[in-house]
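Here is the structure we will look at.
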Amino acid sequence: MLVREGDLRPTLQATVEEQVAKTLYPLAHNTTNGELAFIFRRSGESYCIGAIDGTHIRVKVSQREVPRYRGRKDYPTQNVLAACTFDLKFTYVLAGWEGTASDSRIMKEALNRQDPLKLPEEKYYLVDAGLMLRSGLITPYCREKYHLKEYSRNPPRNPRELFNLRHASLRNAIERAFGVLKKRFSIISSSTEPSYGVETQKLIIFACCILHNYLRGADPNDELLAQVDVELMNDNDVHEESPNPRESNAEFIRGELIRDGIAADMWANYQV
């Protein structure tokens, strides 16, 4: 409609879709210029489409299988890997992995399957340090302050710290999405043993995520989200996976170039 009736045209720097997105996104989400630059990169070259993380959900398995599914919890769980947008809607869910499986192992399998997580070069997700840096998966800088609480009194002192601050602020979307999902549907948040086996519970998780997406549009329930935000702010039990070793392949190098370019742009704007 904007092209037909408003004579909107693509430019050398941005397509019509990117121009519209860059206008609507800050209006809808009250985004700062720094966050907007992080999401859309400079001149439409590359932009962030969401965040990825895993969560553990209690599972019912035989006694023989319990050791495979007992990870961080005292009871067996399945590890669910998911991607979400910044309006907290799930765009990808991979369930059914044993609780001892790491997010990096699950992600590697997802990428090997030619799943939707294989992105065009200009798009990327935000992920934690437990996953490998690559062009489509941007991790924070290691050995730098990362958690939002660490910046509450001390502002960023260099490009890497500023990048990590904004990375943490935006990647928080997946934790908020999981929080709202579990508050809405007690069938996947209870610590008691579920009534259904793994395969049925996988379908239950998918159904809850689909309903969650619908309700984010029809009944977003800001009070529920506010409760989740308070819990996340008061959560002192922070767990970070050990960073993966540096890999010298082409994907890692391209990821480094993207991340360093974003950090440099942010720092230049931050100092103005």
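Since this is a predicted model, take the numbers as computed values, not measurements. Counting from 1, the numbers follow the sequence of the chain as shown.
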Working note: Arg134 + Asn249, criterion side chain to side chain contact (heavy atoms under 4.5 Å, CB included); need CA distance, chi angles, decisive distance, verdict.
CA-CA 9 Å; Arg134 55 192 297 146; Asn249 61 38; over 6 Å; no

Leu88 versus Ala173, closest heavy-atom pair with distance
CD2-O, 3.3 Å

List for me each residue that meets salt bridge (charged side-chain N to carboxylate O under 4.0 Å, His left out) alongside Arg9, sequence neighbours excluded, and say none if there are none.
Asp7

Roughly how far, to the nearest 0.5 Å, is CZ of Arg68 from CD of Glu65?
5.5 Å

Between Tyr270 and Asp265, is any side-chain donor less than 3.5 angstrom from a side-chain acceptor?
no

Hey, any chance Ile204 and Leu215 share a hydrophobic cluster, counting ILVMFWY side chains that come within less than 4.5 Å of each other, even indirectly?
yes

Can you tell me if Ser186 uses its side chain to pair, donor with acceptor, with the backbone of Lys182 under 3.5 Å?
no

Leu81 vs Val93, test: side chain to side chain contact (heavy atoms under 4.5 Å, CB included). Steps then yes/no.
CA-CA 6 Å; Leu81 187 79; Val93 180; over 6 Å; no

Which pair of non-hydrogen atoms, one from Cys142 and one from Ala129, has the smallest distance, and what is that distance?
SG-CB, 4.4 Å

Tell me, do Arg160 and Leu165 make a side-chain contact under 4.5 Å, heavy atoms counted?
no

Please evaluate residues Glu223 and Lys183 with respect to the criterion salt bridge (Lys or Arg N to Asp or Glu O under 4.0 Å), reporting the C-alpha separation (whole Å), side-chain torsions for both, the decisive distance (0.1 Å), and the verdict.
CA-CA 11 Å; Glu223 183 178 343; Lys183 279 191 176 294; over 6 Å; no

Say you draw a straight line from CG of Asn221 to CG of Leu225; how long is it, rounded to the nearest 0.5 Å?
8.5 Å

Candidate pair Val198 and Lys60, rule side chain to side chain contact (heavy atoms under 4.5 Å, CB included), full reasoning
CA-CA 6 Å; Val198 176; Lys60 181 180 181 180; over 6 Å; no

same_hphob_cluster(Leu170, Met266) at 4.5 Å side-chain heavy-atom cutoff:
yes

Any side-chain heavy-atom pair from Thr100 and Tyr69 closer than 4.5 angstrom?
no

Exercise: identify the closest heavy-atom pair between Ala110 and Tyr92
CB-OH, 3.5 Å

Over-ring placement of Arg259 relative to Tyr141, 6.0 Å and 45° cut-offs
yes

Return yes if some donor-acceptor pair links the side-chain N/O of Thr85 with the main-chain N/O of Gly50 below 3.5 Å, else return no.
no

So, does Gln227 use its side chain to make a donor-acceptor pair with the main chain of Leu224 at under 3.5 Å?
no

Just to verify, which of Leu126, Ile174, Asn172, Ile49 counts as forming a side-chain contact (heavy atoms from CB on, under 4.5 Å) with Phe86?
Leu126

Please report the closest heavy-atom contact between Ile138 and Leu133, naming both atoms and the distance.
CA-CD1, 3.9 Å

Side-chain donor or acceptor of Arg216 paired with backbone N/O of Lys89 under 3.5 Å
no

Residues in side chain to side chain donor-acceptor pair (under 3.5 Å) contact with His56, at least two apart in sequence or another chain:
Thr77

Glu5 CD: over 12 foreign heavy atoms closer than 6.0 Å
yes

Do the charged groups of Arg157 and Glu144 touch, with an N to O distance under 4.0 Å?
no

About how many Å separate CD of Glu251 and CE of Met132, when rounded to the nearest 0.5 Å?
6.5 Å

Is there a side-chain contact between Ile187 and Cys208 in this structure, where contact means two heavy atoms from C-beta onward sitting under 4.5 Å apart?
yes

Does the Arg105 side chain pair with the main chain of Glu109, one donor and one acceptor, at a distance under 3.5 Å?
no

Connected via hydrophobic side-chain network under 4.5 Å: Leu137 and Ile262:
yes

Side-chain contact test, heavy atoms from C-beta onward, threshold under 4.5 Å: evaluate it for Glu193 versus Tyr75 and give yes or no.
no

Interatomic distance, OG@Ser191 vs NZ@Lys73, rounded to 0.5 Å, equals 9.5 Å

What's the spacing between Ile57 CD1 and Ser190 OG if we round to 0.5 Å?
11.5 Å

Verdict with reasoning, Val20 to Leu8, per side chain to side chain contact (heavy atoms under 4.5 Å, CB included):
CA-CA 9 Å; Val20 174; Leu8 184 62; 3.9 Å; yes

Side chain proximity check, Leu94 to Ile106, heavy atoms < 4.5 angstrom
yes

In this structure, would Ile210 and Leu181 fall into the same cluster of hydrophobic residues linked by side-chain contacts under 4.5 Å?
no

Centroid-centroid under 6.0 Å between Phe178 and Phe90 rings:
yes

Whether the side chain of Asn234 engages the backbone of Val230 through a donor-acceptor N/O pair (distance < 3.5 Å, no angle test) should be reported.
yes

Note: Tyr124 and Ser135 closest approach over all heavy atoms is CB-O, 3.5 Å

Let's go through Asp53 and Arg171 carefully: what are the C-alpha distance in whole Å and the side-chain angles of both, what is the deciding distance for salt bridge (Lys or Arg N to Asp or Glu O under 4.0 Å) to 0.1 Å, and is it a yes or a no?
CA-CA 9 Å; Asp53 203 357; Arg171 197 182 71 84; 3.2 Å; yes

For atom CG of Asp219, is the number of surrounding heavy atoms from other residues, nucleotides or ligands below 6.0 Å larger than 12?
yes

Decide if atom OH of Tyr214 counts as having more than 12 heavy atoms of other residues, nucleotides or ligands within a radius under 6.0 Å.
no

Distance from Arg176 atom CZ to Asp87 atom CG, nearest 0.5 Å?
10.5 Å

What is the minimum heavy-atom distance between Pro159 and Trp267, and which atoms define it?
CG-CG, 3.5 Å

Is any side-chain heavy atom of Glu175 closer than 4.5 Å to a side-chain heavy atom of Val228?
no

Could you check if a side-chain atom of Asp128 sits within less than 4.5 angstrom of a side-chain atom of Thr139, using non-hydrogen atoms only?
no

In one Ile/Leu/Val/Met/Phe/Trp/Tyr side-chain cluster, 4.5 Å: Phe185, Tyr196
yes

Checking Gln201 now: which residues fulfil side chain to side chain donor-acceptor pair (under 3.5 Å) with it, not counting sequence neighbours?
Gln78

Does Tyr125 reach the side chain of Cys48, with side-chain heavy atoms less than 4.5 Å apart?
no

